[in-house]
Amino acid sequence: MITVTLPDGSIREHPAGATVAQVAEGIGPGLAQAALAGKIDGAAVDLSTPIEHDAQVAILTYRDPEGTEIYRHSTAHLMAMAIKRLWPEAKLAIGPAIEDGFYYDIDMPTRLSEEELPQIEAEMKALIKAKVPARREILDRATARAFFDQRGESYKVEMIDDLPDEVETVSIYHHGDDFADMCRGPHMPHFGAVKSFKLLSVAGAYWRGDENRQMLQRIYGISFPDKKLLAEHIKMLEEAKRRDHRILGKQLDLFSFHEEGPGFPFFHAKGMIIYNELMNYCREELRKRNYQEIRTPLILNEDLWHRSGHWDHYRENMYFTKIDDRDFAVKPMNCPGCLMYYKSNLHSYRELPLRVAEFGQVHRHEKSGCLHGLFRVRTFTQDDAHHFCMPEQLEAEIRGCIEFVFAVYKTCGFENIHVELSTRPEKSIGDDAVWELATDALKNSLDAKGIDYQLNPGDGAFYGPKIDFHILDCLKRSWQCATIQVDFSMPERFDLTYVAPDQSRQRPVMIHRAIFGSVERFLGIMTEHFAGGFPMWLSPTQVTVIPVHEDLSEYAAAVAERLKTEGVRVHLDDRNEKLGARLRDAETQKVPMMLVVGEKEKNAGAVNVRRHKMGQVGTLPVDEVVAQILEEIKERRIVQ
RNA sequence: GCUGACGUAGCUCAACUGGCAGAGCAGCUGAUUUGUAAUCAGCAGGUUGUAGGUUCGAUUCCUAUCGUCAGCUCCA
């Protein structure tokens, strides 16, 4: 007998050689049913794996993150098998589980399109019905290589060849008699366990992500242990589509794109209101936090970009032009301009920390295939700022930046923020002591604020470490926006100095930070986050006043005028349309508040309040409503 | 940039195997005077992304090109 210790600490006795599946059965029939794989002493294994000695054993179900991965991975195998049956000449590359589903990269002469997906799905269903079993086999390297070579699976052969020398054996999963794939496993015992799945899309993908290598066909799919979960997932995808800022931008008349300027957004009047409100808010915060604001030119002499290192590192993304036969470049970043500003005066230590902000419009040549609404454009405005400080001020400055980021995100409705700290990459400049100082400053600042973060070793910029802030929107999608970078390189390259108390010239440290990142992108993210129903302070139209019929236009106009005098963006809709139609228009344009006025309201000096998506709130005196509206705007309140 | 799909009225989408380019919404004109998500009627709206080609005839087939979308790569 052996002793099996379960995750909850309970202990069970089993005969030696009992399988993980038998342990699951011993615990209960429900668990045995839900079991996908197991863990023996922390190592993931198949259910059929025998336990030979005393061990820690865990049963993995879909609910475990690892179980989910196994579930999806097995579905990827299922899809690969179906494809091999339909197109035996197909060669398999890789097919992992991913964050929301799985994919398989396949090389085959037939061009797949979405139309072939149902055919593959039908084949998969047949394999599920047949409950095709999985069998694991361990082969030594040479045998495995010969096995795949003989089957013409050249990608698998390449993977085996690329394995580190110390790897002696390779595991293979056989599904049924005619399908095999190299795989670490574990896998579900048979395809019957796949209860519900859907293939979503086909796209090209490079073998090993290298654009110089073979383009493969990638098929994406998703699978769930129950139909309801699949239905929910599909609904979520539709919800995301409904919130797409590119579609809402059109519907709400916020911005547009044209063939004449691919990747260069046109901001319409309504989009401009939101854009300016975001900037106004940001400027208010800048004042509170003792920043000064500057503005530097869009085009500067090319020499500057040689000096800054951008020509070496960023040339591909830059636009160049000639003025009077001299070479110029359109700025892709604002820092060199800011450095010119710093250098235009002598600075005393008394001035530090110096906080210099710039809403700088930058241009970057992005590859045509990357462009994506406002999320990926060729020109955008950074809410940029550079802090120049003494080394001993670094930490306090970083803390200030972190506080700034969180304050702005809170106001904008983002509560879930994921923070990452990236440290020194292999290719970098500066000495270790300086890097350590900078990294510690970032780390200490995060710790002092009690912020959890993910460490990305070696992911920093070549000139310094950085903190990135990722916003999680309502659909749990993550967007990198804010960044705080410590930079010792630029002050060096541009020979920045300040005068120290002893009259010596000292080198300041530079912090580079952005909060929205790109104002355009941030606007796009907010559009999706609020599904176009912006908080009142941002809404292009904040209030629509609707008289029930024409005789009440005068009273409605007076209400509207009152709001307008108070600075509210108000619209009087006294068109010759039915009340319902005008309300519908206001609702589809996502106006946060509608004030309906009829005889009753007129006589009482009141309005009937209706809020976007919430319906009627009630009848209130005009004074009270005006006060509420003003307060909601001033407080930048989010009402949902 | 690469692979694939797509491009028809301001918007959303029709148009069989190549045979007179159509609808809803929006717009304009008129009627209707409205109590919480679409009042009715009429009118107007097009070089079918662009440039070639095949054909008696091309929105439809072919080539090129531009753009968009899904990915890959890259990034704010």
Side-chain angles (χ1 to χ4, degrees), chain A residues 103 105 107 111-116 200-220 241 244 246-247 250-251 253 256-263 314 316-317 332-334 360 362 364-384 468-471 479-483 512 514-522 524-525 544 546-553 574-590 594-601 608-617 619:
Chain A
Y103 68 79
D105 282 348
D107 187 13
R111 285 271 159 237
L112 290 176
S113 72
E114 310 239 329
E115 275 144 44
E116 273 82 35
L200 299 170
S201 60
V202 191
Y206 299 107
W207 168 231
R208 300 201 154 162
D210 182 344
E211 60 181 313
N212 298 313
R213 303 195 64 172
Q214 177 77 26
M215 172 71 76
L216 307 170
Q217 302 194 67
R218 174 173 295 181
I219 305 170
Y220 284 92
K241 221 173 171 181
D244 190 319
R246 293 166 299 183
I247 294 167
K250 223 180 246 179
Q251 280 170 2
D253 198 18
S256 60
F257 285 92
H258 303 273
E259 278 196 25
E260 289 77 358
Y314 214 73
E316 264 80 70
N317 288 300
M333 294 186 195
N334 303 303
V362 296
R364 298 181 182 178
H365 180 77
E366 298 294 345
K367 291 181 179 178
S368 59
C370 305
L371 303 176
H372 182 93
L374 291 178
F375 287 173
R376 200 64 192 280
V377 290
R378 284 179 171 158
T379 183
F380 58 96
T381 308
Q382 288 184 311
D383 61 324
D384 217 342
D468 290 323
F469 297 78
H470 299 249
I471 285 177
W479 305 103
Q480 201 228 298
C481 296
T483 183
H512 184 115
I515 294 175
F516 297 142
S518 146
V519 184
E520 287 81 353
R521 170 189 272 187
F522 200 82
I525 293 169
T544 297
I546 307 177
V548 168
H549 59 81
E550 239 168 35
D551 294 348
L552 292 150
S553 287
D574 58 354
R575 282 177 304 161
N576 178 12
E577 289 288 349
K578 293 188 84 166
L579 175 61
R582 286 174 288 159
L583 284 169
R584 183 172 190 278
D585 283 350
E587 288 283 355
T588 48
Q589 284 300 300
K590 301 173 192 289
M594 289 142 275
L595 303 179
V596 176
V597 296
E599 309 289 352
K600 282 179 283 177
E601 289 77 14
N608 186 276
V609 181
R610 180 189 165 102
R611 293 205 67 119
H612 176 55
K613 283 202 137 173
M614 295 160 73
Q616 284 188 68
V617 176
T619 300

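Residue numbers begin at 1 in each chain, while the letters A, B, ... track the order of the sequences.
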Establish, with yes or no, whether the OP1 or OP2 oxygen of [N] is under 4.0 angstrom from a side-chain nitrogen or oxygen of [X].
X	N	result
A:H612	B:rA37	no
A:S368	B:rG1	yes
A:Y220	B:rC72	yes
A:R246	B:rC69	yes

Please list, pair by pair, any protein nitrogen or oxygen found under 3.5 Å from a nitrogen or oxygen in nucleotides 42-46 of chain B.
none

*Give the rounded distance in Å between these two atoms: CG of A:L371 and C1' of B:rA70.*
14 Å

*Rounded to the nearest angstrom, tell me the gap between atom CG in A:D574 and atom P in B:rU33.*
17 Å

_Taking side chain to side chain donor-acceptor pair (under 3.5 Å) as the definition, give me every residue that meets it alongside A:D105, ordered by chain and number, with sequence neighbours left out._
A:R218

*Please list, chain by chain and in numerical order, all residues satisfying side chain to side chain donor-acceptor pair (under 3.5 Å) with A:S553, sequence neighbours excluded.*
none

*Go ahead and write out RNA chain B as dot-bracket, 5' to 3': ( ) for pairs within the strand, [ ] for ones crossing earlier pairs, | when the partner sits on another strand, dots for unpaired; Watson-Crick or G-U wobble, both distances under 3.5 Å.*
(((((((..((((.....[..)))).(((((.......))))).....(((((..]....))))))))))))....

*Earlier contact from the 5' end, RNA chain B, for A:C481 and A:T588*: A:T588

Please write out each protein N/O paired with an N/O of nucleotides 3-12 of chain B under 3.5 Å, distance rounded to 0.1 Å.
{"unit_1": "B:rU12", "atom_1": "OP1", "unit_2": "A:K250", "atom_2": "NZ", "d": "3.3"}

*asked:* Salt bridge check, A:R246 against A:D244: does any charged N sit closer than 4.0 Å to a carboxylate O?
replied: yes

So which protein nitrogen or oxygen atoms get under 3.5 Å of nucleotides 23-30 of chain B's nitrogens or oxygens?
none

*For the side chain of A:P262, starting at C-beta, report the closest nucleotide among B:rU68, B:rU33, B:rA70.*
B:rU68

_Separation of A:D253 CG from A:Q589 CD (nearest 0.5 Å)_ = 7.5 Å

